[in-house]
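Please read these numbers as outputs of a predicted model, since none were measured by experiment. One-based numbering, in listed order, for ligands and for the atoms of each.
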Amino acid sequence: MAEGKKSLNFIEQIIEEDLQKDYKKENLKFRFPPEPNGYLHIGHASSICLNFGLGEKYNAPVNLRFDDTNPIKEEQEYVDAIKRDVEWLGFKWEKECYASDYFQQLYDWAVEMIKNGDAYVDSQTSEEIAEQKGTPTQPGTESPYRNRSVEENLDLFEKMKNGETPEKGHVLRAKIDMSAPNMLMRDPVMYRCLHKSHHRTGNDWKIYPMYDWAHGESDFIEQVSHSFCTLEFLPHRELYNWFISKVSKPGDFEPKQREFARRNLSHTIVSKRKLLQLVEKGIVDSWDDPRMPTISGLRRRGYTPGAIRKFADSIGVGKRENLIDVSHLEFCAREDLNKVAPRVMGVLDPVKLVITNYPEGEEEWLEAENNPEDESAGSRKIPFSRELYIEREDFKESANRKFFRLTLNKEVRLKNAYIIKGEDVVKDEDGNITEIHCTYDPKSKSGSGTEESLRKVKGTLHWVSVKHAIEAEIRLYDRLFTEEAPDAVKDKDYINFINPESLKTVTGYLEPGLKDAKPGDKVQFQRIGYFCVDRDSTHEKPVFNRTVTLRDSWAKIKS
Ligand code: ATP
Ligand code: MG
């Protein structure tokens with residue numbers, strides 16, 4: 001076997017086998033077919049990476065096809081958002097296609113099918129039709145309208161198309177077999193009447209094709225070679241083939257549908273319909289709320305396209321559904337951000353530290369490396385002065401030997417600065433610490449090369465100079481749900497499992513260089529986590545979102 005074939009996934013194996021048989025490389029063509037009824041989520045990212053990844057691997061075209069057959073739920077806003085997200089992930093489509101562009105062709109084919117006795121207008125209610133479906137073990141019942149004449153069918157179908165029949169009056173059904181073992185083959189509905197305006201075709205159509213009728217035919221029109229969809233469509237495959245066989249001619253290239261397992265992510269939900277509910281109920285602010293598992297939410301949260309692609313590629317495609325722990329997605333974010341995010345200092349829960357032997361009114365600008373993982377990132381200057389903020393949890397008046405942060409009579413290093421020693425505390429009437437007093441060793445400056453600077457101390461703290469710090473709103477995001485699989489808990493709605501602490505907002509004090517940060521900029525607040533500048537941010541009031549903490553804090557809670 002040739003190099004690189006060892007790790008083929010089952011989808012690639014299908015393609016390789018087809019290439020060995022009668023497919024040519026030029027036949028290969030894929031598509032990503034979202035319905036524009038919401039924003040794309042992390043599950044879609046798997047499908048995008050699969051289809052566009054195959055395109056890259058086989059140097060084959062990939063179409064972006066909007067499956068826009070339901071005007072009730074679809075909107076231009078969603079089309080725009082989907083295009084933005086696919087582009088942002090770094091993929092290029094060959095053609096931007098719409099099922100709605102094929103409405104006329106689909107209609108003409110349906111007319112042909114009526115003429116050939118393969119379709120008929122049923123004038124029963126949807127309830128009556130459902131009752132006649134039968135069960136997997138019992139055949140269905142034929143509709144009393146099944147044997148209408150071709151003329152009557154053509155006449156009624158045209159009236160449906162022109163909006164001359166009531167919405168619920170008639171449907172067009174394929175005439176297949178009411179006792180077929182596959183219930184989807186029991187005369188499936190091809191068209192319903194809907195007197196709704198469509199975001200692209202306006203009021204041109206009063207009938208709209210159903211998914212099964214539109215999807216395979218769209219693949220056929222575009223000459224897609226492999227139509228990959230999620231496993232719930234496996235039983236639809238027979239119908240997919242049947243519909244294509246009704247419109248293709250001998251020798252035509254026919255697409256094939258193959259299925260892979262849906263990807264689910266823990267502590268969230270991946271369903272556009274349910275995500276829309278979160279937006280509509282005001283549980284989140286918008287589709288791109290940084291707690292949403294949407295691609296736009298992840299982007300606003302500070303995820304990089306690289307992190308999402310790495311995530312999708314590392315979980316790969318499978319034949320069985322499973323739940324991927326969100327910590328794996330977070331891991332991918334850390335890996336990517338570690339390489340690209342400049343290190344900065346920010347204090348999120350400040351307590352004042354006064355260096356009593358540092359001259360009042362004096363300040364100095366210290367050299368600080370921007371990213372130890374990337375030499376080319378260079379360095380910057382940060383201001384140091386007599387009064388600093390440090391993190392409240394980095395000080396304890398009395399602590400055991402394992403506490404490697406600041407305590408009285410012990411030394412720690414201030415990152416990029418000096419070694420200090422805790423001396424005293426000032427408290428308010430209630431006993432809360434308002435100031436910590438310490439002394440510093442002037443010879444211990446980081447990087448100065450002196451004997452004192454090389455002295456080993458346990459613990460290094462981050463800090464900012466009180467006088468120079470800028471204030472920023474810090475949005476501390478956490479998982480949106482407390483439950484692993486919130487929409488799979490028996491008898492309970494996922495709304496019950498919203499994490500009340502999914503967003504905490506605090507005021508942070510940051511080194512002054514960050515006042516020029518732009519929306520989308522990513523940084524690591526040293527010792528805390530990765531953050532990114534939110535789109536709400538202004539020069540006067542910077543806003544940072546926490547993308548992910550430096551370590552997996554949930555793992556600690558579990559163990
Ligand atoms: P939703 O229920 O969220 O609307 P959907 O499957 O109806 O999902 P579509 O817009 O029809 O959404 O999906 C476009 C493509 O993305 C389809 O091929 C679909 O199978 C795939 N897809 C959707 N969700 C997932 C998922 N969780 N994992 C993998 N692929 C997915
Ligand atoms: Mg759908």
Under 6.0 Å between the ring centres of [X] and [Y]?
| X | Y | answer |
| --- | --- | --- |
| Y208 | F103 | yes |
| F531 | F544 | no |
| H215 | F233 | no |

Ring pair (Phe, Tyr, Trp, His ring centres under 6.0 Å) filter on F253, not counting sequence neighbours, yields Y23
Could you work out, with ring pair (Phe, Tyr, Trp, His ring centres under 6.0 Å) as the rule, every residue matching F66, not counting sequence neighbours?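 Scan of F66 (ring pair (Phe, Tyr, Trp, His ring centres under 6.0 Å), adjacent residues dropped) gives Y98.
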Distance-only polar pair, side chains of [X] and [Y], donor-acceptor under 3.5 Å:
| X | Y | result |
| --- | --- | --- |
| D85 | H44 | no |
| D68 | S100 | yes |
| Y240 | E254 | no |

Closer than 4.0 angstrom: is that true for some heavy atom of K274 and an atom of ligand 1? no
Please confirm whether F32 comes under 4.0 Å of ligand 1, counting heavy atoms of the residue only.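 So F32 counts as touching ligand 1.
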Against heavy atoms of [X], which atoms of ligand 1 measure under 4.0 Å?
| X | result |
| --- | --- |
| S47 | 15 (C), 16 (O), 18 (O), 21 (C), 30 (N) |
| P33 | 14 (C), 18 (O) |
| T230 | 19 (C), 20 (O), 29 (C), 30 (N), 31 (C) |
| R263 | 26 (C), 27 (N), 28 (N), 29 (C) |

Under 3.5 Å between any N/O of [X] and any N/O of ligand 1: does that happen in this structure?
| X | result |
| --- | --- |
| R262 | yes |
| E35 | yes |
| K272 | yes |
| H41 | yes |
| N264 | no |

Any idea which part of R273 is under 4.0 Å from ligand 1, heavy-atom wise: side chain, backbone, both or neither? neither
